[in-house]
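Report on the structure given below.
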Amino acid sequence: MGKDVFCRIVSGEIPSYKLYEDEDFMSFLDVNPIRLGHTLLITKKHYKNIYEMPEDLYNRFFLKAKELSLFIQDVTMSDRVGLVVAGLDIDHVHIHLLPINEIGDLDFKNQHKEKPEYLAKIAKDIKIA
């Protein structure tokens with residue numbers, strides 16, 4: 001396993017506002033969200049980018065993103081959830097799941113430090129959903 005921040009979250013070395021976990025994937029809230037509810041879905045095994053992933057894992061990864069998006073959309077009451085696979089900020093496969101109402105809601109310039117109490121509340125609401 002690598003030593004990037006996501007590998008350290010998977011290993012439990014860094015705490016997170018975890019929303020989902022199975023043997024292959026983990027999702028948690030971004031602590032520097034663009035919008036409240038901004039979620040990251042990662043592979044537990046370290047892959048540098050999506051093109052290194054085995055095809056079956058790749059397919060299940062995007063199906064899991066779709067499933068999680070429905071809960072995020074419901075809890076945040078957003079029009080939809082945008083998916084962003086940029087892969088430039090951290091060298092570990094991840095998808096940004098962003099509750100959006102308009103195209104400007106996808107602007108990474110809007111990232112900010114979120115209050116822990118807001119993150120804890122939205123994490124609880126999404127897990128309940």
Side-chain angles (χ1 to χ4, degrees):
M1 185 169 285
K3 286 294 182 190
D4 62 77
V5 67
F6 292 159
C7 287
R8 294 171 63 204
I9 289 171
V10 169
S11 73
E13 185 180 333
I14 296 176
S16 67
Y17 294 92
K18 191 184 322 179
L19 303 176
Y20 175 82
E21 182 175 15
D22 64 23
E23 68 181 44
D24 296 313
F25 310 122
M26 180 185 278
S27 72
F28 46 87
L29 293 177
D30 192 319
V31 295
N32 297 305
I34 293 172
R35 295 178 45 93
L36 194 57
H38 179 171
T39 299
L40 297 167
L41 175 63
I42 68 169
T43 55
K44 290 175 87 173
K45 181 176 178 185
H46 183 89
Y47 295 97
K48 184 176 177 178
N49 61 59
I50 61 171
Y51 308 111
E52 292 181 353
M53 296 170 67
E55 190 170 310
D56 66 314
L57 187 68
Y58 176 94
N59 292 335
R60 289 187 294 114
F61 191 52
F62 280 90
L63 287 171
K64 185 53 65 181
K66 176 182 176 182
E67 179 184 327
L68 291 169
S69 293
L70 297 174
F71 297 115
I72 295 165
Q73 180 180 357
D74 185 49
V75 169
T76 62
M77 295 182 283
S78 57
D79 286 342
R80 64 193 66 201
V81 173
L83 304 181
V84 176
V85 182
L88 298 173
D89 48 346
I90 297 175
D91 246 359
H92 187 123
V93 170
H94 63 286
I95 300 175
H96 295 266
L97 307 171
L98 295 152
I100 60 173
N101 296 310
E102 56 188 53
I103 193 69
D105 292 341
L106 289 172
D107 190 342
F108 278 78
K109 291 178 185 171
N110 294 327
Q111 277 189 298
H112 61 281
K113 218 29 158 176
E114 190 56 77
K115 293 180 180 178
E117 58 267 24
Y118 293 155
L119 292 170
K121 168 128 179 40
I122 195 103
K124 178 183 172 193
D125 292 346
I126 293 170
K127 283 195 261 187
I128 288 170

I want to know whether Phe28 and Phe6 have ring centres closer than 6.0 Å. yes
Donor-acceptor pair, side chain of His46 and main chain of Lys3, under 3.5 angstrom: no
Shared hydrophobic cluster, Tyr20 / Ile128 (ILVMFWY, side-chain heavy atoms < 4.5 Å): no
Between CZ of Arg80 and CG of Leu83, what distance do you get to the nearest 0.5 Å? 11.5 Å
About how many Å separate SG of Cys7 and NZ of Lys45, when rounded to the nearest 0.5 Å? 11.5 Å
Pairwise distance CG(Leu68) to CD1(Ile126) - rounded to 0.5 angstrom: 9.0 Å
What is the distance from atom CG of Leu119 to atom OG of Ser16, rounded to the nearest 0.5 Å? 11.0 Å
Side chain proximity check, Thr76 to Leu36, heavy atoms < 4.5 angstrom: no
What pair of heavy atoms forms the shortest contact from Ala120 to Tyr17, and how long is it? N-CE2, 3.7 Å
Which of parallel (below 30°), tilted (30 to 60°) and perpendicular (above 60°) describes Tyr58 and Phe62? tilted
Taking the side chain as every heavy atom from C-beta outward, state whether Leu19 and Phe71 have any pair of such atoms under 4.5 Å apart. no
Measuring from atom CD1 of Ile90 to atom CG of Leu40, what distance do you get when rounded to the nearest 0.5 angstrom? 7.5 Å
Of the options Ile72, Leu97, Thr39, which is the one that meets Leu29 in a side-chain contact (heavy atoms from CB on, under 4.5 Å)? Thr39
Quick check against the 3.5 Å criterion: does Glu21 have a side-chain atom that pairs as donor or acceptor with the backbone of Ser27? no
Give, for atom CD1 of Ile9 and atom NE2 of His92, the distance between the pair rounded to the nearest 0.5 Å. 9.5 Å
What salt bridge (charged side-chain N to carboxylate O under 4.0 Å, His left out) pairs are there with at least one residue in residues 98-116, not counting sequence neighbours? Arg35-Asp105
Using the rule that Ile, Leu, Val, Met, Phe, Trp and Tyr join whenever any side-chain heavy atoms are under 4.5 Å apart, tell me whether Tyr51 and Leu41 fall into a single cluster. yes
Parallel, tilted or perpendicular: which one describes the rings of Phe25 and Phe61, with boundaries at 30° and 60°? tilted
If two hydrophobic side chains count as joined below 4.5 Å and joins carry through other members, does Val85 share a cluster with Ile42? no
Side-chain heavy atoms of Asp24 within contact of Lys44, under 4.5 Å: no
Does His94 reach the side chain of Asp89, with side-chain heavy atoms less than 4.5 Å apart? yes
Same cluster or not: are Met53 and Leu63 linked, directly or through other Ile, Leu, Val, Met, Phe, Trp or Tyr residues, by side-chain heavy atoms under 4.5 angstrom apart? no
Test item: Asn101 and Ser78 side chains (from C-beta on) under 4.5 Å apart, heavy atoms: yes
